[in-house]
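Notes follow the structure.
Numbering starts at 1 and runs along the sequence shown. Note that the coordinates shown come from a computational prediction; the quantities given were computed from them, not determined experimentally.
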Amino acid sequence: MIIGILLPLLVLIFKDHLSLNSIDRFSPLIIMVMLNLTVGSQICKALFCHCDKPLMRYPFYRQHAKKHFLLRFRSILRMNLKLGSCLAAVLSVSILVLTGGQDISLLLPIWVITIALAVFFSIHHLLLYYVIQPYTTELETNSPLFSFVNGLISLSFIVAMFLGPTLWGLTAVIMVLTLAYLSSAVLLVTKYAQNNFRVK
């Protein structure tokens, strides 16, 4: 709520020094904001600590990984969609303040990219949890593969900032990646979770 009030206020104060081009240029920042705003990682740790850790030893529980993966994905997605919608609303208000309500061309890609990222990060954290299961009993992560895959997210942000794509271009790329991730998630969980979804 504080950010939602402060950001449009700051845009109003400094609107003479800002332009729509600056929003386009720094649009990859939305990736890092959504990475830190979404709750998939925290939920997976809570599920491991309070639910899955004692049950992972039983084969019947791991055999039904696909079923509870889908149930949990829907729950995490609902939370992340609410967070993404709040961010999109704050950015939309800021754009309307900046343009005096005259230019709404960036509103659609802002909403599309935040919703796509909400879906992407809902899948990302839960999929890594089921396919790699990186947590030890002390909630430490000692999986090199887990660190590598998460590092790719930070790398993609750096590459996007360096390339400086248009907002629509970035939105299109993220939508394609999200659809690919979504379509492959159930197959990966079905194939790997039964063996990998266990306490390390």
- prompt: Does I115 have any side chain to side chain contact (heavy atoms under 4.5 Å, CB included) partners at least two apart in sequence or in another chain, and if so, which?
  reply: L81, S85
message: Taking salt bridge (Lys or Arg N to Asp or Glu O under 4.0 Å) as the definition, give me every residue that meets it alongside R72, ordered by chain and number, with sequence neighbours left out.
response: D52
task: Applying ring pair (Phe, Tyr, Trp, His ring centres under 6.0 Å), name anything that partners F121, two or more places apart in sequence or on another chain.
output: none
With a 3.5 Å cut-off and sequence neighbours excluded, list the donor-acceptor pairs that the side chains of residues 188-196 form with protein atoms.
residue	atom	partner	partner atom	Å
T190	OG1	V186	O	2.7
N196	ND2	V131	O	2.8

- request: Output all residues satisfying side-chain hydrogen bond (donor to acceptor under 3.5 Å, both in side chains) with S92, sequence neighbours left out; order by chain, then residue number.
  value: W111
statement: Residues passing the side chain to side chain contact (heavy atoms under 4.5 Å, CB included) test with V199, sequence neighbours excluded, are F48, K53, M56, T137
statement: With sequence neighbours left out, the residues meeting side chain to side chain contact (heavy atoms under 4.5 Å, CB included) with L37 are M34, L83, L87
- request: Kindly give the cluster partners of V112, where membership spreads through any ILVMFWY side chain lying under 4.5 Å from a current member.
  value: L108, W168, M175
- prompt: So Y129 and F197, would you call those rings parallel, tilted or perpendicular, with 30° and 60° as cut-offs?
  reply: perpendicular
query: With a 4.5 Å limit on heavy-atom distance, are the side chains of L107 and L96 in contact?
result: yes
field: For H125, ring pair (Phe, Tyr, Trp, His ring centres under 6.0 Å) partners two or more places apart
entry: none
field: All pairs passing salt bridge (Lys or Arg N to Asp or Glu O under 4.0 Å) where residues 74-87 contributes a residue, at least two apart
entry: none
field: Set of ring pair (Phe, Tyr, Trp, His ring centres under 6.0 Å) partners for Y58, sequence neighbours left out
entry: F60
- request: Decide whether V176 and L170 are clustered together by the hydrophobic rule: side chain heavy atoms of Ile, Leu, Val, Met, Phe, Trp, Tyr closer than 4.5 Å, transitively.
  value: no
query: Considering residues at least two apart in sequence or located in another chain, which fulfil the side chain to side chain contact (heavy atoms under 4.5 Å, CB included) criterion with T141?
result: P134, Y135, F146
